[in-house]
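What follows is a set of notes on a single structure, which appears directly below.
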Amino acid sequence: MSSTILRLRPLEYAHVLDLNSNITYVEKGPKSVILQENQKITHGPERFVIIPPGHYCKISNPAKLPVKYGEQASLKVGLEEIRLHQEPFSLYPGEILAGGVEKGINKLPVIPAGKALKLEALADFDDNGTIRVAGDRWQIEGPCTFYPKPECKRIGEVSPTIILKNSALHLKAKIDLVDKNGNHRVTGEEWMVRKLGAYLPGVYEEIMSVVQSYVLTQNNGLYMTAERNLTDGLGKKRLAGEEWLVTSSDSCTYIPECGEKLVRRVAITVLSKDQFCIVLDPYDSEGKQQRGKKELRKGPLSFFLKPGETLSGGIQNIFLLQDDQALILSAVDEFVDNFGEEPIQRKPGDVWMIKGPVVYTPPVEVEVKNLRKPIALGKNEGIYVQNEKTGEVRTVMGPQACLLNQFEVLWKKELSPIVEKMLMNGGCWGDGDIRKMAYFESSVDNAYASGKRDKTRTVTYRVPPNSAVQVYDHRKQDSRVVFGPNLVVLEPSEEFNVLSLSAGKPKKENALKSLAIMLGPDYITDIIEVETLDHARLKIKYAANNKFDYENGNFASETKLFSVPDYIGFACRNIASRIRGRVARTTFDEFHRYSTRIVKEAVFGVDEEDNVRNALLFSENNMTVTNIDVQSIEPVDTQMRDSLLKSVQMAIEISTQSIERAASHEARRHEQTAKGNLEKNKLQNEKAAESARMNLYELRAETAAVESSGQAKAEAEAQAEKTLIEGHMAIEAANLKAKALEIEENSKMEILEQQRKAEIEYMKTVNGLEIKKAKQMADIELKKSADLINAIGQDTITNIALAGPKAKVGLLGALGIRATLITDGKTPVNLYQAPNGAITPLGGH
């Protein structure tokens, strides 16, 4: 039964479908409806839609109002309706609350001051007299409240852009429009807004950027160019492509207009009194640029380079030449040179030199090629100088200061890489284990310490002592020999004669490159192989002393020293051939016993008296071998070498064994002696230990006796001390208990005394309050009686006294006073002296 009754509370509604007519209508509360069999609830019960003040909602498919009860609502399908604050209402069948009940009620947008709301028309409509076409956009500026309309939608909010001092707003038009200043703008046009404050752009105005101003000082400027015809930030008209300069003399700050482009910042060019510069393509007095011309500007001066002007070589210092300096100049154009005593006509390409002391500023027609300073040369130092006109190269040696003229330059002398390496190593080059390389260490020059030679400096070489160096002059087709210790200085056309010597053991050809010949006395060491008459092959290591004989000052004798380039290999091959020939005629046993004599006979030969000669002379280069010594002989055959090794080893073993046995015998003797001493010391130590042990036992006995007596005495003393302490503690405890009891009793008495005092004070206070209350009540009764008498009045009381008893009783009753005291009717009632309760107000009886 309950399902057929629709109970609607206030502000509730439901949609009911009549199945017979197929009409859905609205039932609104408060009511209870009994549903028939042909009626059905399709929606609800639901609460009415309540729109508070300042809110709105959007209804889709709104109904055409009014709608009669029980009829189907006619809907505006596809449309929307905005409803503001109104009486609560129900939704008719087919109406939809956009967003639902919870999110469908929204606040009306409030646009604050300085901001705007951007809108777009969804359909053609009349907006308060303004015809809006679908797609139109506009904005509403605050402060105001926006009332939404179904024909438009919000597409965003617009916030103002603050234009500060020294800044501007760069805007662009999206379509043809009229800006806020009334200027017509075409699509794509850009402009600047410079007015300070907040700027709210229009709906079709696009903010490109906030442009900050350039601060101009005395030391900087702006190089601007125009990308189109425009009026610049200073109000001047500019053509497309025009370039100009903005400095602090024009404005302290500068904000470029749209179409202006900053090419670069330009710093001021400052010339001191000792500086100058050359400006290319300068401007004349009329402001026209002179292409291809040059202008000389001297300091003190400061200026900005205008567009198109450049500095040739930058800022240069005026040439202040000292007395030992010079300036090499070249003319690039024809002009009259007035620098000097007489004017000189200079032609392009002329080169001349100005010597100091002088102050010189080159004109624009002159190019400074070089500033010449004197080259200080010490002793044994030099340079190569070439004359550019003649090509001649000369050597200038110190000590002096050399100043080159305008036609002279430093010339670089090239050397072969092997010579460069040899000079860095003192005049030789080869493997590090070659003995003769140490002979050249004293000739290493510090000029080659960095590993790189200054090619303009003269090539020098310190010839080691007792050696000789040959230098060849290819221009003169001549040579010279320098003996050490001395310094070789190469002329521009001279080269060293490089010797390629044999080195190593055995000797290897071209193993050592050398600039010098060691004149000796020196020695040569080599290892050769020989074969004896009985076909025993041996390795002989020998050392031969050598020296060179020459006549100093005789060119032929000096040159002959270098006639054999590899004098070491030549001597070693000659000596080896002599030794092999002699050993081949000698047996191994004989050679083993007389090797030194045989070798000397082979090398030096014998005279007519069978005496060994004392020297071997090589006439090709005057080299003499004065002595030879055999350092070692080793068999080449492995078996023979092993046999010799075995025999040597056996001899060594025999000698070793004899030494070992003698040492062993001596060791055993020392061992027996040491054992005897050890036993003796052991017995002495045991004796001393027994004596010490006896003393120990005696001390232990004494210690035990002292320990036992001391313990008993300590225990007795401790017990007595304990008893004494316990007695003192008991006395102290009794005293403390007595003091505690006394304190406790005193505290109880004091607490009781305080309680009594508090009760007495309380009783006094209560009694005082009672007295005060009674006194106040009496005063109140007295005041009441006085007020009653004053209210009745003196005349009334007189009349009452004169009236009869009945009138008195009636009067008292009228006054609300009931008389309980019965009188005789003659005597008046004393109202003031009546006992309490004798006269009471009448309450009705």
Side-chain angles (χ1 to χ4, degrees), residues 114-120 135-142 155-268 283 287-289 304-310:
K115 293 188 177 182
L117 191 64
K118 189 180 293 185
L119 305 174
E120 182 178 4
D136 280 355
R137 291 187 178 184
W138 70 100
Q139 60 188 28
I140 300 175
E141 298 182 3
I155 60 175
E157 293 184 355
V158 182
S159 299
T161 301
I162 307 302
I163 303 176
L164 303 175
K165 189 177 181 180
N166 296 329
S167 64
L169 194 62
H170 183 190
L171 300 177
K172 182 179 180 181
K174 296 181 179 179
I175 61 173
D176 295 352
L177 55 88
V178 177
D179 64 10
K180 292 188 175 182
N181 295 326
N183 299 320
H184 291 273
R185 305 292 182 183
V186 297
T187 304
E189 184 178 354
E190 299 178 4
W191 70 97
M192 306 291 289
V193 177
R194 302 172 183 265
K195 185 178 179 181
L196 301 181
Y199 182 82
L200 196 64
V203 65
Y204 291 111
E205 294 178 354
E206 180 183 359
I207 297 177
M208 303 299 292
S209 63
V210 176
V211 181
Q212 300 295 332
S213 65
Y214 296 100
V215 179
L216 299 175
T217 64
Q218 295 181 352
N219 297 325
N220 63 3
L222 302 177
Y223 181 9
M224 310 298 297
T225 183
E227 297 180 336
R228 54 182 173 83
N229 296 340
L230 53 86
T231 300
D232 64 9
L234 300 175
K236 297 180 181 180
K237 293 185 177 181
R238 303 291 183 181
L239 300 178
E242 185 177 352
E243 298 175 344
W244 66 97
L245 184 67
V246 181
T247 62
S248 58
S249 60
D250 301 320
S251 176
C252 296
T253 60
Y254 186 74
I255 301 177
E257 279 292 338
C258 298
E260 285 186 74
K261 180 181 178 182
L262 175 64
V263 178
R264 65 175 180 273
R265 291 177 177 266
V266 181
I268 192 170
Y283 284 75
K288 295 183 179 180
Q289 190 172 13
F304 285 99
L305 286 177
K306 296 181 180 179
E309 291 183 341
T310 56

- Message: Under the criterion side chain to side chain contact (heavy atoms under 4.5 Å, CB included), I'd like the reasoning laid out for Ile155 against Leu119: C-alpha separation, chi angles, the key distance, then a yes or no.
- Response: CA-CA 6 Å; Ile155 60 175; Leu119 305 174; over 6 Å; no
Main-chain N/O of [Y] paired to [X] side chain as donor or acceptor, under 3.5 Å:
X: Tyr204; Y: Thr187; result: no
X: Arg228; Y: Cys258; result: yes
X: Asp179; Y: Asn181; result: yes
X: Glu260; Y: Asp232; result: no
X: Ser251; Y: Thr253; result: yes
X: Tyr254; Y: Gly233; result: yes

Nearest non-hydrogen partners of [X] and [Y], listed with the distance:
X: Gln218; Y: Ser248; result: CA-OG, 3.8 Å
X: Ser159; Y: Lys115; result: OG-CE, 3.9 Å
X: Met192; Y: Ala168; result: CE-CB, 3.7 Å
X: Ala226; Y: Leu239; result: CB-O, 3.4 Å
X: Glu120; Y: Trp138; result: C-CZ3, 4.0 Å
X: Gln289; Y: Glu309; result: NE2-N, 4.0 Å

Got a second to check how far [X]'s [atom1] is from [Y]'s [atom2], nearest 0.5 Å?
X: Arg137; Y: Lys118; atom1: CZ; atom2: NZ; value: 6.5 Å
X: Leu177; Y: Glu189; atom1: CG; atom2: CD; value: 8.5 Å
X: Thr161; Y: Ile163; atom1: OG1; atom2: CD1; value: 7.5 Å
X: Glu242; Y: Met224; atom1: CD; atom2: CE; value: 12.0 Å
X: Leu117; Y: Gln139; atom1: CG; atom2: CD; value: 9.0 Å
X: Thr225; Y: Trp244; atom1: OG1; atom2: CH2; value: 6.5 Å

Does Leu200 form a side chain to side chain contact (heavy atoms under 4.5 Å, CB included) with Glu141? I'd like the steps, not just the answer.
CA-CA 9 Å; Leu200 196 64; Glu141 298 182 3; 3.6 Å; yes
*Do the non-hydrogen side-chain atoms of Ile207 and Leu171 ever get within less than 4.5 Å of each other?*
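Touching, per the 4.5 Å side-chain cut-off.
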**Asked** Taking atom CD of Glu227 as the centre, does the number of heavy atoms from other residues, nucleotides or ligands within less than 6.0 Å exceed 12?
**Response**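 Enclosed.
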Exercise. Could you go through the side chain to side chain contact (heavy atoms under 4.5 Å, CB included) check for Tyr214 and Val246 one step at a time?
Key: CA-CA 10 Å; Tyr214 296 100; Val246 181; over 6 Å; no
All N/O donor-acceptor pairs, side-chain side in residues 261-268, below 3.5 Å, sequence neighbours left out:
none

Applying side chain to side chain contact (heavy atoms under 4.5 Å, CB included), name anything that partners Thr247, two or more places apart in sequence or on another chain.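 Only Leu245, Ser249, Asp250, Phe304 meet the side chain to side chain contact (heavy atoms under 4.5 Å, CB included) criterion with Thr247.
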Going through the distances and angles, do Ser213 and Ile255 end up as a side chain to side chain contact (heavy atoms under 4.5 Å, CB included)? CA-CA 5 Å; Ser213 65; Ile255 301 177; 3.3 Å; yes
Charged N to carboxylate O below 4.0 Å: is that the case for Glu257 and Lys236?
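Looking at Lys236 together with Glu257, the answer is no, because their closest N to O distance does not fall below 4.0 Å.
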